[in-house]
Amino acid sequence: MNLTIIIPTLNRSNFLIKTLRYYSNLNFKSKFLILDSSKGKERQQNFDIISRFKNLNLKYVNVDGKPLEVIKKSKKYIKTKYCLFSGDDDYLIKSCLLKIKNFLNKKKNQKYAGANGMGILFSNYYNYVNTKKYESLFFTKSNKSIKRLEDIINDYRVSHFSVCRSKYFISALEIIDKKKLPHRAFYDEIAFSITLAIYGKFHQFEDLFLLRETSHQRNNLWSEINDNDQKISLDYLINYLKQKQLVIDNKIVNIDQKFNNFKKMLKKNFKQEKENKKNFLKKIMNFYNTKIYFWIYMNFPFKFIFLPIEIYRNLSNYYSTNNLLKDKKFSKDFKIFYDHFKK
């Protein structure tokens with residue numbers, strides 16, 4: 001398929017085996033680059049898991065660091081024409097990947113740096129599936145790099161979960177520098193995603209492309225609230241983009257002004273995350289004070305000590321979802337996915 005699916009992982013053997021089993025069941029022909037930051041027993045367990053899947057083209061690298069950091073350290077292993085970043089709990093739809101590859105291969109589409117499709121968040125509780133649209137995949141048809149920069153910072157979405165031309169993906173990794181991007185949201189997503197967008201257009205198909213499981217707690221990069229680190233990281237990103245000298249009508253654009261709305265968005269997101277934490281803790285503590293929890297704890301003290309947290313998280317996922325499986329546009333591909341996911 002001339003595609004490398006890059007999967008960073010850390011101490012999550014249970015997710016890795018499910019993901020690789022899914023691709024193995026479909027007899028996926030792309031290359032897989034597994035970047036494992038685990039140590040000790042977890043590392044050996046992951047290595048043993050990978051060795052089971054003989055029908056997959058797997059490259060295993062044990063490398064320390066956060067996801068984009070380990071990808072930058074291991075970029076020499078990306079030798080295919082196309083690549084994409086995938087979580088160890090994400091699942092890609094084969095038919096859409098083939099459609100994207102054919103699209104990017106066409107001569108008339110050489111100005112596209114990447115392409116994606118529709119994303120779905122799904123939760124799987126006792127074989128009952130809930131779904132919700134994942135609307136964070138970046139797309140733009142703007143021909144000029146400065147316009148694409150405006151597109152991604154005015155309505156921020158991630159670009160690197162797309163199938164990308166490897167040459168642009170690798171070039172954009174240059175921005176990753178932990179010392180200069182001290183805030184994790186920038187270091188592990190924002191800076192790279194924005195930089196990648198300036199290299200070319202991104203197309204979005206109406207086909208099902210990506211499924212992200214939410215039955216468990218996912219990493220939240222926005223949970224790190226540090227105004228100073230945020231400012232240092234944003235300043236570095238802006239200065240880095242200035243070096244690219246983005247122009248319009250042969251004039252170098254003042255990038256600082258372009259980021260005004262983005263700064264407001266960041267402030268809003270971090271403020272919302274702070275409020276979410278407060279509300280979550282408040283609801284949990286309220287439940288701990290009820291007679292129901294007291295009875296549960298007295299009868300099952302250890303097993304159910306964290307029950308309120310699990311109940312709240314699961315119910316939050318349940319009531320925030322809307323069933324997309326009735327939509328014929330998604331149902332067929334989702335059924336194919338889920339049949340292999342359950343095996």
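Only this structure's heavy atoms are used, side chains among them; waters, hydrogens and symmetry mates stay out. Counting begins at 1 with the first residue of the sequence.
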Within-4.5 Å side-chain heavy-atom neighbours: Leu137 and Gln204: yes
Modelled atom types, side-chain donor and acceptor of Lys29 and Asn57, under 3.5 Å: no
pair His183-Ile232: side-chain heavy atoms closer than 4.5 Å: no
Ser193 side chain to Ser159 backbone, donor-acceptor under 3.5 Å: yes
Residue list, salt bridge (charged side-chain N to carboxylate O under 4.0 Å, His left out) with Asp88, at least two apart or on another chain: Arg12
Verdict with supporting geometry, Ile34 and Asn46, side-chain contact (heavy atoms from CB on, under 4.5 Å): CA-CA 10 Å; Ile34 310 300; Asn46 284 344; over 6 Å; no
Qualifying residues under ring pair (Phe, Tyr, Trp, His ring centres under 6.0 Å), relative to Tyr187, sequence neighbours excluded: none
Worked check of side-chain contact (heavy atoms from CB on, under 4.5 Å) between Val163 and Leu104: CA-CA 9 Å; Val163 176; Leu104 293 175; 4.1 Å; yes
Result of checking Phe186, Phe169, Phe85 against Phe192 for ring-ring contact (aromatic ring centres under 6.0 Å, His included): Phe169
Value rounded to 0.5 Å, distance of CZ in Arg148 from NZ in Lys201: 8.5 Å
Interatomic distance, Leu121 atom CG to Glu135 atom CD [nearest 0.5 angstrom]: 9.5 Å
Thr195 (side chain) donor-acceptor with Ala191 (main chain) under 3.5 angstrom: yes
Non-hydrogen atoms of Leu92 and Tyr22 that approach each other most closely: O-OH, 2.7 Å
Arg43 atom CZ, over 12 foreign heavy atoms within 6.0 Å: no
Counterpart residues, side-chain contact (heavy atoms from CB on, under 4.5 Å), relative to Asn102 (two or more places apart): none
Flag side-chain contact, heavy atom, 4.5 Å: Lys94 against Phe28: yes
Lys79 side-chain N/O to Lys76 backbone N/O, donor-acceptor pair under 3.5 Å: no
Aromatic centroids of Tyr112 and Phe103 separated by under 6.0 Å: yes
Over 12 non-hydrogen atoms of neighbours within 6.0 angstrom of CZ in Phe47: no
Contacts of type salt bridge (charged side-chain N to carboxylate O under 4.0 Å, His left out), residue Lys141, not counting sequence neighbours: none
Stepwise side-chain contact (heavy atoms from CB on, under 4.5 Å) test for Met1 and Leu98: CA-CA 8 Å; Met1 198 184 283; Leu98 289 168; 3.7 Å; yes
Heavy-atom closest contact (Asp90 atom, Gly87 atom, distance): OD2-N, 2.9 Å
Distance (rounded to the nearest 0.5 Å) between Asp151 CG and Ile153 CD1: 9.5 Å
Sequence neighbours excluded - salt bridge (charged side-chain N to carboxylate O under 4.0 Å, His left out) pairs with any residue from residues 56-69: Glu69-Lys73
Heavy-atom check, side chain of Ile5 versus side chain of Leu84, under 4.5 Å: yes
OH on Tyr23 to OG on Ser86, rounded to 0.5 Å: 4.5 Å
Common cluster, Leu149/Phe139, ILVMFWY with side-chain heavy-atom separation under 4.5 Å: no
Minimum heavy-atom distance between Phe209 and Cys96, given as atom pair plus value: CB-SG, 3.7 Å
Cluster link Val61 to Leu10, ILVMFWY, side chain under 4.5 Å: no
Check: Ile176 and Asp188 side chains under 4.5 Å, non-hydrogen atoms: no
Student check: side-chain heavy atoms of Phe15 and Asp89 closer than 4.5 Å: yes
Test: Glu213 and Lys18 ion pair at under 4.0 Å: yes
Full working for side-chain contact (heavy atoms from CB on, under 4.5 Å) between Tyr134 and Ile120: CA-CA 5 Å; Tyr134 176 66; Ile120 286 182; 5.8 Å; no
Asp48-Gln44 side chain donor-acceptor pair, cut-off 3.5 Å: yes
Side-chain donor/acceptor of Ser142 to backbone N/O of Lys144, under 3.5 Å: no
Closest heavy-atom pair and its distance - Gln110, Lys107: CG-O, 3.0 Å
Which atom of Ala172 lies closest to which atom of Ile175, heavy atoms considered: O-CG2, 3.0 Å
Heavy-atom side-chain proximity of Tyr60 to Phe32 below 4.5 angstrom: no
Salt-bridge criterion met for Asp229 and Lys231 (N-O under 4.0 Å): no
Polar side chain donor-acceptor pair, Tyr82 to Asn2, under 3.5 angstrom: no
Pair Thr9-Asp36, side-chain hydrogen bond (donor to acceptor under 3.5 Å, both in side chains): steps then yes or no: CA-CA 5 Å; Thr9 188; Asp36 184 17; 5.1 Å; no
Mutual orientation of the aromatic rings belonging to Tyr236 and Tyr240 [parallel < 30°, tilted 30-60°, perpendicular > 60°]: tilted
Nearest-0.5 Å distance, CZ of residue Phe138 to CG of residue Leu196: 9.0 Å
Donor-acceptor pair, side chain of Thr80 and main chain of Thr4, under 3.5 angstrom: yes
Smallest separation among heavy atoms of Arg184 and Pro67, with atom names: NH2-CD, 4.1 Å
Single-linkage hydrophobic cluster Tyr91~Leu3, side-chain heavy atoms < 4.5 angstrom: yes
Salt bridge Lys99-Asp207, side-chain N to carboxylate O under 4.0 Å: yes
Pairwise side-chain hydrogen bond (donor to acceptor under 3.5 Å, both in side chains) hits with a residue in residues 160-171, at least two apart: Asn116-Ser162
Residue pair Val70 / Ser37, side-chain heavy-atom distance below 4.5 Å: yes
Nearest-0.5 Å distance, NZ of residue Lys75 to CG of residue Leu173: 6.5 Å
